[in-house]
Participant: 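Attaching a single structure in structure tokens format; questions to follow.
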Amino acid sequence: LIAITVTDDKGDIIDQQLHPGDELVAYQKHEFVQRRRAQRRGKSITGVVNVWRRNEEVCHSLAKVIVDVATQYQSQVVMEWLVGFKERKKDFGMLKRTPIQRIEQILDYKLPLAGLPKIRTVPAAYTSQECPRCGHRERKNRVTQSEFRCVRCSYETHADLNGSHNVARRWIDRLARREGRTLTTA
């Protein structure tokens, strides 16, 4: 669900954390199956409030983790820009149920309370397919949903951690361009 990467100003990894959200996905799946069964039997569908409440709990706890890491390293929080995410992913029910936008809303008020700058975004395109070491971008780099292996330089990592590393590097590249510097990337 959430991958966190902290980098230095050259894009080298300082810290990485993966929070897959397995318990939320399992809970959502269980509730979805229960509601479908109730519908088929003609019963009243209840429990939507419970799912919403559980989503809120998970969103707040993940936002707290992000704020804690950002506070520890006094760093900028950068997320993928996911405008149109729900519209583009019509066929992916589980992806549509991920509360990424809610986490972003929570961070909008939690970051200033912690004395940190507001969230910045970078385009999400190809962050999961691009190698942060050599810069090679290819669909075959994303071996499975959770596995990344570059076909050019054989760099391997978890696919979500790779994506978060690329998001961080894109932000650093943007800052370097504004300052007239060039970041020596792969």
Side-chain angles (χ1 to χ4, degrees), residues 1-28 52-83 85 94-95 97-133 135 141-142 144-150 155-179 181 183-186:
L1 187 61
I2 295 288
I4 300 171
T5 297
V6 180
T7 63
D8 61 14
D9 59 352
K10 295 176 191 139
D12 296 328
I13 296 170
I14 296 171
D15 186 17
Q16 280 193 314
Q17 298 178 22
L18 184 63
H19 301 271
D22 293 338
E23 69 179 50
L24 176 64
V25 172
Y27 181 75
Q28 287 176 337
W52 178 84
R53 190 175 298 130
R54 185 69 188 128
N55 281 350
E56 278 295 297
E57 288 172 11
V58 170
C59 288
H60 277 277
S61 66
L62 288 173
K64 183 182 180 333
V65 168
I66 293 168
V67 170
D68 289 348
V69 170
T71 302
Q72 178 185 352
Y73 292 101
Q74 285 299 303
S75 58
Q76 172 71 57
V77 175
V78 183
M79 294 180 73
E80 292 178 319
W81 187 44
L82 296 171
V83 170
F85 178 70
M94 291 307 284
L95 283 176
R97 287 193 291 273
T98 58
I100 300 298
Q101 291 166 332
R102 180 63 184 135
I103 293 170
E104 191 171 343
Q105 290 171 343
I106 295 167
L107 287 171
D108 278 340
Y109 79 83
K110 281 192 174 202
L111 288 171
L113 288 175
L116 296 167
K118 66 179 190 168
I119 298 173
R120 301 296 182 188
T121 58
V122 295
Y126 307 109
T127 53
S128 64
Q129 296 175 12
E130 186 175 324
C131 178
R133 287 232 176 113
N141 285 348
R142 184 78 181 253
T144 65
Q145 180 64 29
S146 62
E147 187 181 355
F148 177 88
R149 185 180 319 116
C150 180
Y155 173 70
E156 289 186 50
T157 187
H158 191 283
D160 292 335
L161 292 175
N162 179 65
S164 71
H165 189 188
N166 284 326
V167 166
R169 290 182 63 82
R170 285 184 184 183
W171 177 250
I172 293 167
D173 287 345
R174 181 184 290 173
L175 291 178
R177 281 194 308 273
R178 280 188 192 155
E179 296 172 1
R181 297 182 292 128
L183 183 65
T184 53
T185 58

Participant: Hey, is the main chain of Ala176 close enough, under 3.5 Å, to the side chain of Glu179 for a donor-acceptor pair?
Facilitator: no

Participant: Please examine the side chains of Ile2 and Ile66, heavy atoms only from C-beta on, and report whether any two atoms are closer than 4.5 Å.
Facilitator: yes

Participant: For Ala125, give me all partners under side chain to side chain contact (heavy atoms under 4.5 Å, CB included), at least two apart in sequence or on another chain.
Facilitator: none

Participant: Taking atom CG of Leu62 and atom CG of Leu107, what is their separation to the nearest 0.5 Å?
Facilitator: 9.5 Å

Participant: With heavy-atom distances below 4.5 Å as the criterion, would you say the side chains of His60 and Ile106 are in contact?
Facilitator: yes

Participant: Which heavy atom in Lys110 sits nearest to a heavy atom in Val67, and how many Å separate them?
Facilitator: CB-CG2, 3.9 Å

Participant: By the side-chain hydrogen bond (donor to acceptor under 3.5 Å, both in side chains) test, which pairs, at least two apart or in different chains, include something from residues 61-70?
Facilitator: Lys64-Asp68

Participant: Of all the heavy-atom pairs spanning Trp81 and Ala124, show the shortest one and how long it is.
Facilitator: O-CB, 3.9 Å

Participant: Going by the rule side-chain hydrogen bond (donor to acceptor under 3.5 Å, both in side chains), which residues pair with Arg102 if we only count those two or more places apart in sequence or in a different chain?
Facilitator: Glu56, Gln105

Participant: So, taking the atom named CD in Glu130 and the one named CG in Asn166, what distance separates them when rounded to the nearest 0.5 Å?
Facilitator: 5.0 Å

Participant: Considering non-hydrogen atoms only, spot the tightest contact between Arg170 and Pro123 and give its length.
Facilitator: NH1-O, 2.7 Å

Participant: Who passes side-chain hydrogen bond (donor to acceptor under 3.5 Å, both in side chains) against Gln16, sequence neighbours left out?
Facilitator: Thr5

Participant: I'd like to check the side-chain hydrogen bond (donor to acceptor under 3.5 Å, both in side chains) partners of Asp15; sequence neighbours left out, ordered by chain and number.
Facilitator: Gln17, Tyr73

Participant: How far does CG of Leu111 sit from CD of Gln76, to the nearest 0.5 angstrom?
Facilitator: 8.0 Å

Participant: Once rounded to the nearest 0.5 Å, what's the spacing between atom CD of Glu156 and atom CZ of Phe148?
Facilitator: 10.0 Å

Participant: Roughly how far, to the nearest 0.5 Å, is NE2 of His165 from SG of Cys131?
Facilitator: 9.5 Å

Participant: What are the two closest heavy atoms between Arg169 and Lys10, and how far apart are they?
Facilitator: NH1-O, 3.7 Å

Participant: If you take all heavy atoms of Ala70 and Leu116, which pair is closest and at what distance?
Facilitator: CB-CD1, 3.6 Å

Participant: What's the spacing between Thr157 OG1 and Asn162 CG if we round to 0.5 Å?
Facilitator: 6.5 Å

Participant: Hey, mind stepping through Val6 and Gln72 against side-chain contact (heavy atoms from CB on, under 4.5 Å) and telling me if it holds?
Facilitator: CA-CA 10 Å; Val6 180; Gln72 178 185 352; over 6 Å; no

Participant: Is there any side-chain hydrogen bond (donor to acceptor under 3.5 Å, both in side chains) pair reaching into residues 115-128, and which pairs are they, with sequence neighbours excluded?
Facilitator: Glu80-Thr127, Ser128-Arg142

Participant: Determine whether Ile172 and Thr7 make a side-chain contact, defined as any pair of heavy atoms from C-beta on separated by less than 4.5 Å.
Facilitator: yes

